[in-house]
Amino acid sequence: MSDVIKLLPDSVANQIAAGEVIQRPASVIKELVENSIDAGATSVTIVLKDAGRTLIQVIDNGSGMSDTDARLAFERHATSKISKADDLFTLHTMGFRGEALASIAAIAQVDLRTMLKGESIGTRIIINGSKVESQTPEACVQGCNLMVKNLFFNVPARRKFLKKDSVEMSNIMREFERLALVNLGVELTLISNDVTLHSLHRASLKQRIVDLFGKTLDKQLIPIDTDTSIVRLSGLIGLPENARKRNPLQYFMVNGRNMRHPYFHKAVMQCYEQLIPADAQPNYFINLQVDPETIDVNIHPTKNEIKFENEQAIWQILTAAIRESLGRYNAAPSIDFDVEDAPDIPVFNPNGTAEHDVELDEAYNPFATPTIPPATGTSQHGSFSSRSTTGSRQSAFNRAGATESFQDWGKLYDEFLKKRDDGLSAITESKLSELDIEVEPTATAVLQLKNSYILTPSREGLMIIDQHRAHVRILYDTYLQQAREHTFVSQTTMFPDLVELSGAQNAVLADISPSLEELGFSISPLGDNTWSINGIPSILKDANPRDTLLSMIESVTETGEELATSLHERLALSMARSSAIRRGHPLTSDEMDRIISDLFRLPTPALTPDGKTVFTILPLNDIAKLLESV
């Protein structure tokens, strides 16, 4: 039997590595800019065409490369960052694997011009799908000028699954923002299709945040600064009143490197637990400086996941630092008695001489039983009769009021049962057979638990309905039908609502604005990533226009499909989520009845449009077992 194990060709191995390292155009930008930073660049320019599909060009003023290094840099595991295994535990550079350039060259056409500092001539190398086509001397400036053309040109399946340009551009903008936040001493410029989107100069962290995300953040952030033997914490956190329900700005950085860390995120959220609503999240930009030997960044090719040796200790330090900062800057609401609008509280003075002083009434007894003044007349017996008559009339009045209230409640309860029966009778047997659930049409009770769940009996047990998800399911079907029939009517707002977006959000909104106009939104750009909401679909009623718009942008960014029908579905879902009643909102019996009736008239009441369970049944047998075990 012949041998079956073979070494893969370099071109194939590089394409496999590219699948992990290079996922989209944003990944290319991340790797190339980090290489520029490692080379000591103080100015980096990124030029894009068609959201990186056609061209990604990164120009820097770093140290540059010799002709030999330029050729060797595109080989797998060739790097200047480390030389031995121990270097992995003392990393001071962004890159170290030596896979990025080889992976990029395997799935694109690369053109590199570079020259070392102090040299008079540089070199130019052209690579096409891992194959070096030419290398010639070239007159150029110090640093590197690297062009990546036609990304995934030789991997059509990967190119096919790239999202539309607006979504890919949104991902690029987010990656650019992360790079800008950790490289404050580097001038960064981003140009897309000959339009300059960002031109950032060297700045402090707060100024860079303002340059990236808007001037409104200037007064919304407070600093944190703690230095211990384990970690040095610095950065900015948002005030509780500025917490966001959509797209919070949340960034962790360690030793100048971006990272994702759910454990530390939970620590931050715990500090805000009693200060912000349950559905809101704070902004934060937190930088951790630790000994490189106490972290491991070599657990994922993208180097975004990092393990910490002193994770629990850092949790406690992080929690203490945030709480101290929130307390120092009076994040909790308080009364300021030193301002002009402070309440005028009178001061007690026994003599009562001042204008606003309060004079003491020595005869006042707060625990004394109030006396009823006697009725007119001289006879004690007549006075008693008068009081008795008054009390009798009052009692009769109370009994009459109670009877009237009881009769009104009876009418309301009858209407409740009638509407409920009408809604349940509208459910076809086929719908119930698909769900394998039998709803009791003669149920006589409906309750709300924790202002979040609707409880109602069924033949199988106790039905528990998530009121928010149920309302989302109801509104989604309504909005989707109107979107397909183009029956949305725009309602002009009395005062335009201004929305300041990030660069990534602005790119998406500019692309979907025509579809939003069809749905009844009236929006207009004001420049500097700011939009004015002049009108909203009349069906949204009391929904927050800003939250609805941000929800739609977020939904489109997650999927990025081209089809208009799918866009209508996403927009209908976004509007439903924004308009639906929230958990924690108290409902009347009539409102709960309406939700139950409308829900079970739908073809698919059991699941939300994104597949989440709307209701569940607690079987009678399980209830009996719970009671037996007590």
Trainee: Can you confirm whether Met169 sits close enough to Ser192 that some side-chain heavy atom of one is under 4.5 Å from a side-chain heavy atom of the other?
Mentor: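 Counting from C-beta outward, Met169 and Ser192 do come under 4.5 Å.
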
Trainee: Are any non-hydrogen side-chain atoms of Ile536 and Phe521 less than 4.5 angstrom apart?
Mentor: yes

Trainee: Please report the closest heavy-atom contact between Pro25 and Leu162, naming both atoms and the distance.
Mentor: CD-CD2, 3.9 Å

Trainee: With no hydrogens and no angle check, just 3.5 Å: does a side-chain donor-acceptor pair link Asp211 and Gln207?
Mentor: yes

Trainee: Measuring only between side-chain heavy atoms, which start at C-beta, is Phe308 closer than 4.5 Å to His261?
Mentor: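 Yes, at least one pair of side-chain atoms sits under 4.5 Å.
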
Trainee: Hey, what do you get for CE (Met253) to CG (Leu205), rounding to the nearest 0.5 Å?
Mentor: 6.0 Å

Trainee: How long is the span from the NZ atom in Lys163 to the OG atom in Ser170, to the nearest 0.5 Å?
Mentor: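 So the NZ of Lys163 and the OG of Ser170 are separated by 12.5 Å.
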
Trainee: Answer whether the closest heavy-atom distance between the side chains of Leu318 and Ile286 falls below 4.5 Å.
Mentor: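 A side-chain contact exists here, since the closest heavy-atom pair is under 4.5 Å.
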
Trainee: Between Leu55 and Leu48, does the side chain to side chain contact (heavy atoms under 4.5 Å, CB included) criterion hold? Intermediate values first, please.
Mentor: CA-CA 5 Å; Leu55 172 68; Leu48 305 172; over 6 Å; no

Trainee: Run the side chain to side chain contact (heavy atoms under 4.5 Å, CB included) test on Glu500 and Thr216 for me, step by step, so that the C-alpha distance in whole Å, both residues' side-chain angles and the decisive distance to 0.1 Å come before the verdict.
Mentor: CA-CA 8 Å; Glu500 189 172 350; Thr216 56; 3.1 Å; yes

Trainee: Where is the tightest heavy-atom contact between Cys271 and Ile322, given as atom of each residue plus distance?
Mentor: CB-CG2, 3.7 Å

Trainee: Can you give me the closest heavy-atom contact between Ser166 and Val508, atom names plus distance?
Mentor: O-CG2, 3.9 Å

Trainee: Taking the side chain as C-beta and beyond, is there a heavy-atom pair between Arg208 and Leu200 under 4.5 Å?
Mentor: yes

Trainee: Donor-acceptor pair, Asp50 side chain versus Gly52 backbone, under 3.5 Å?
Mentor: no

Trainee: Please walk me through it: do Ile46 and Ile191 pass side chain to side chain contact (heavy atoms under 4.5 Å, CB included)?
Mentor: CA-CA 6 Å; Ile46 305 167; Ile191 302 172; over 6 Å; no

Trainee: For Lys206, is the NZ atom crowded, meaning more than 12 foreign heavy atoms sit under 6.0 Å from it?
Mentor: yes

Trainee: If you round to the nearest 0.5 Å, how far is CD of Glu119 from CD of Gln142?
Mentor: 10.5 Å

Trainee: For Val186 versus Ala41, what's the shortest heavy-atom pair and its separation?
Mentor: CG2-O, 3.8 Å

Trainee: Looking at Glu34 and Lys30, is any side-chain nitrogen of the basic one under 4.0 Å from a carboxylate oxygen of the acidic one?
Mentor: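 Answer for the salt bridge query: yes.
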
Trainee: What residue among Asp111, Asp67, Asn145 forms side-chain hydrogen bond (donor to acceptor under 3.5 Å, both in side chains) with Arg124?
Mentor: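 In the set Asp111, Asp67, Asn145, the residue that makes a side-chain hydrogen bond (donor to acceptor under 3.5 Å, both in side chains) with Arg124 is Asp111.
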
Trainee: Indicate yes or no: at least one non-hydrogen side-chain atom of Leu509 is less than 4.5 angstrom from one of Leu549.
Mentor: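 They are in contact (side-chain heavy atoms under 4.5 Å apart), so the answer is yes.
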
Trainee: Would you check if the side chain of Asn258 reaches a backbone N or O of Arg178 as a donor-acceptor pair within less than 3.5 Å?
Mentor: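 Flag set: sc Asn258 to bb Arg178 pair under 3.5 Å.
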
Trainee: Taking the side chain from Ser199 and the backbone from Thr189, do they hold a donor-acceptor pair closer than 3.5 Å?
Mentor: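 No: the side chain of Ser199 does not pair with the backbone of Thr189.
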
Trainee: Could you tell me whether Arg244 atom CZ has more than 12 heavy atoms of other residues or ligands within 6.0 Å of it?
Mentor: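 Yes.
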
Trainee: For Val44, run the side chain to side chain contact (heavy atoms under 4.5 Å, CB included) check against Leu179, Leu188, Asn183 and tell me which one passes.
Mentor: Leu188

Trainee: Verify salt bridge (charged side-chain N to carboxylate O under 4.0 Å, His left out) between Glu177 and Arg174, making sure each step is shown before the conclusion.
Mentor: CA-CA 5 Å; Glu177 292 161 1; Arg174 293 181 191 279; 5.5 Å; no

Trainee: So which atom in Lys215 and which in Val210 form the shortest heavy-atom distance, rounded to 0.1 Å?
Mentor: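 Scanning both residues completely, I find the closest heavy atoms to be CA-CG1, 3.7 Å.
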
Trainee: How close do Thr226 and Ala321 get, counting heavy atoms only, and between which atoms?
Mentor: OG1-CB, 3.3 Å

Trainee: Could you grab the distance from atom CG of Asp497 to atom OG of Ser532, nearest 0.5 Å is fine?
Mentor: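 Output value for this atom pair is 8.0 Å.
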
Trainee: When rounded to the nearest 0.5 angstrom, what is the spacing between CG in Asn310 and CG in Asp291?
Mentor: 9.5 Å

Trainee: Does the gap between the ring centers of Phe264 and Trp315 come in under 6.0 Å?
Mentor: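 Centroid separation for Phe264 and Trp315: 6.0 Å or greater.
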
Trainee: Is there a donor-acceptor contact under 3.5 Å from the side chain of Asn61 to the main chain of Ser43?
Mentor: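 The answer is yes, because a donor-acceptor pair under 3.5 Å joins these two groups.
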
Trainee: Given salt bridge (charged side-chain N to carboxylate O under 4.0 Å, His left out), test Glu168 with Arg24 step by step and report yes or no.
Mentor: CA-CA 8 Å; Glu168 293 300 339; Arg24 50 173 37 100; 3.4 Å; yes

Trainee: Considering only heavy atoms from C-beta outward, does the side chain of Ile107 approach that of Ile22 to under 4.5 Å?
Mentor: yes

Trainee: Distance check, rounded to the nearest 0.5 Å: Ile224 atom CD1 versus Leu233 atom CG?
Mentor: 5.5 Å

Trainee: Any Lys/Arg nitrogen of Asp610 or Arg577 sitting under 4.0 Å from an Asp/Glu carboxylate oxygen of the other?
Mentor: yes

Trainee: Could you verify whether a donor N or O on one side chain and an acceptor N or O on the other, from Thr54 and Asn150, lie under 3.5 Å apart?
Mentor: no

Trainee: Output yes when a side-chain donor or acceptor of Asn529 lies under 3.5 Å from a complementary backbone atom of Phe213, and no otherwise.
Mentor: no

Trainee: Checking Arg232 against Leu288 for the side chain to side chain contact (heavy atoms under 4.5 Å, CB included) test, could you report, in this order, the C-alpha distance in whole Å, the side-chain angles of both residues, the deciding distance, and whether it holds?
Mentor: CA-CA 6 Å; Arg232 185 184 188 283; Leu288 297 81; over 6 Å; no

Trainee: Any sub-3.5 Å donor-acceptor pair from Asp60's side-chain atoms to Cys144's backbone N or O?
Mentor: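 Confirmed, Asp60 side chain pairs with Cys144 backbone.
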
Trainee: Check for a donor-acceptor pair, side chain of Thr294 on one end and backbone N or O of Val290 on the other, with a separation under 3.5 Å.
Mentor: no

Trainee: Is any side-chain heavy atom of Pro496 less than 4.5 Å from a side-chain heavy atom of Ile533?
Mentor: no

Trainee: Under 6.0 Å between ring centres: does that hold for Phe252 and Phe285?
Mentor: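 Judged by ring-centre distance (under 6.0 Å), Phe252 and Phe285 do not meet the cut-off.
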
Trainee: Check whether any side-chain N or O of Thr228 sits under 3.5 Å from a backbone N or O of Ile230 as a donor-acceptor pair, and report yes or no.
Mentor: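 Here the side-chain-to-backbone pair exists.
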
